[in-house]
Amino acid sequence: QVQLVESGGGLVQAGGSLRLSCVASGRTLSAYAVAWFRQAPGNERESVARISKVGGSIMYANSVKGRFSISRDNAKNMVYLQMNSLKPEDAAVYYCAARPVDFGSWSGDLTSWGQGTQVTVSS
């Protein structure tokens, strides 16, 4: 399995920007589709952005469209989530997830998860 480590979280003011990073080790990230999930206390974990192994297919949750951007740099074994125009409702623990197939459920045993990075947005 691939190991994932997120970074870049922190405290930002509403309207500000933050870039999250996810670095993979143990395996070559180019062999994995990657997604960013987030979970706030009391809320269900939700997918905010997904990118295919090659990077040609990208999907965003409606709540972040136009504000967030996912990208990957396979040469560096990294995936990024650029977050702009942050809102208080964006506050959550953000997780990086990876799976070796472009299709299928993210809840399966093939999915690897990072430890998460906290994003706090002040009003």
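Computed from a prediction, not measured in an experiment: that's the story for all the values here. Quick note: numbers below take in every heavy atom, side chains included, and nothing from hydrogens, waters or symmetry partners.
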Quiz item: Counting distance only, does the side-chain N/O of Gln39 pair as donor-acceptor with the main-chain N or O of Val93 below 3.5 Å?
Solution: no

**Asked** Between Val48 and Ile58, is there a shared hydrophobic cluster once you connect ILVMFWY residues whose side-chain heavy atoms come closer than 4.5 Å?
**Response** yes

Residue pairs meeting disulfide (SG to SG under 2.5 Å), one or both in residues 84-123, sequence neighbours left out, come to Cys22-Cys96

* CD (Gln118) with more than 12 external heavy atoms under 6.0 Å -> yes

Sequence neighbours excluded, the answer for side chain to side chain contact (heavy atoms under 4.5 Å, CB included) partners of Ser7 is Ser21

side-chain contact (heavy atoms from CB on, under 4.5 Å) assessment of Met83 paired with Val12:
CA-CA 11 Å; Met83 305 184 295; Val12 298; over 6 Å; no

Output for pair (Leu81 CG, Thr117 OG1), nearest 0.5 Å, gives 11.0 Å

Check whether Asn77 reaches the backbone of Arg27 with its side chain - one donor and one acceptor, N or O, closer than 3.5 Å.
yes

Would Arg19 and Tyr80 satisfy side-chain contact (heavy atoms from CB on, under 4.5 Å), going step by step from the backbone distance to the final call?
CA-CA 7 Å; Arg19 188 182 75 163; Tyr80 308 95; 3.9 Å; yes

Sequence neighbours excluded, the answer for side chain to side chain contact (heavy atoms under 4.5 Å, CB included) partners of Ser25 is Gln3

Applying side chain to side chain donor-acceptor pair (under 3.5 Å) to Lys65 and not counting sequence neighbours gives Asn62

message = Quick check against the 3.5 Å criterion: does Glu6 have a side-chain atom that pairs as donor or acceptor with the backbone of Gln115?
response = yes

Is there a side-chain contact (heavy atoms from CB on, under 4.5 Å) between Leu4 and Val34 once you walk through the steps? CA-CA 10 Å; Leu4 306 171; Val34 180; over 6 Å; no

**Request:** Step by step, work out the side-chain contact (heavy atoms from CB on, under 4.5 Å) result for Tyr60 and Arg67.
**Result:** CA-CA 10 Å; Tyr60 297 100; Arg67 299 188 298 118; over 6 Å; no

Looking only at heavy atoms, the pair that brings Arg72 and Val79 closest together is CB-CG2, 3.9 Å

Smallest heavy-atom separation, Ser123 atom then Ala14 atom, equals CA-CB, 4.4 Å

- Establish, yes or no, whether the cationic atom of Arg45 lies under 6.0 Å from the six-membered ring centre of Tyr95 and within 45° of the ring axis. yes

Checklist entry - With no hydrogens and no angle check, is any side-chain donor or acceptor of Thr111 less than 3.5 Å from a backbone partner on Arg99? => result no

By salt bridge (charged side-chain N to carboxylate O under 4.0 Å, His left out), Arg38 pairs with (sequence neighbours left out) Glu46, Asp90

Sorted by chain and residue number, the side chain to side chain contact (heavy atoms under 4.5 Å, CB included) partners of Ser57 (sequence neighbours excluded) come out as Ser52

Under 3.5 Å, is there a donor-acceptor pair linking the side chains of Ser105 and Ser107? yes

Check your understanding: Considering residues, nucleotides and ligands other than Asn43, do more than 12 of their heavy atoms fall under 6.0 Å from its CG?
Key -> yes

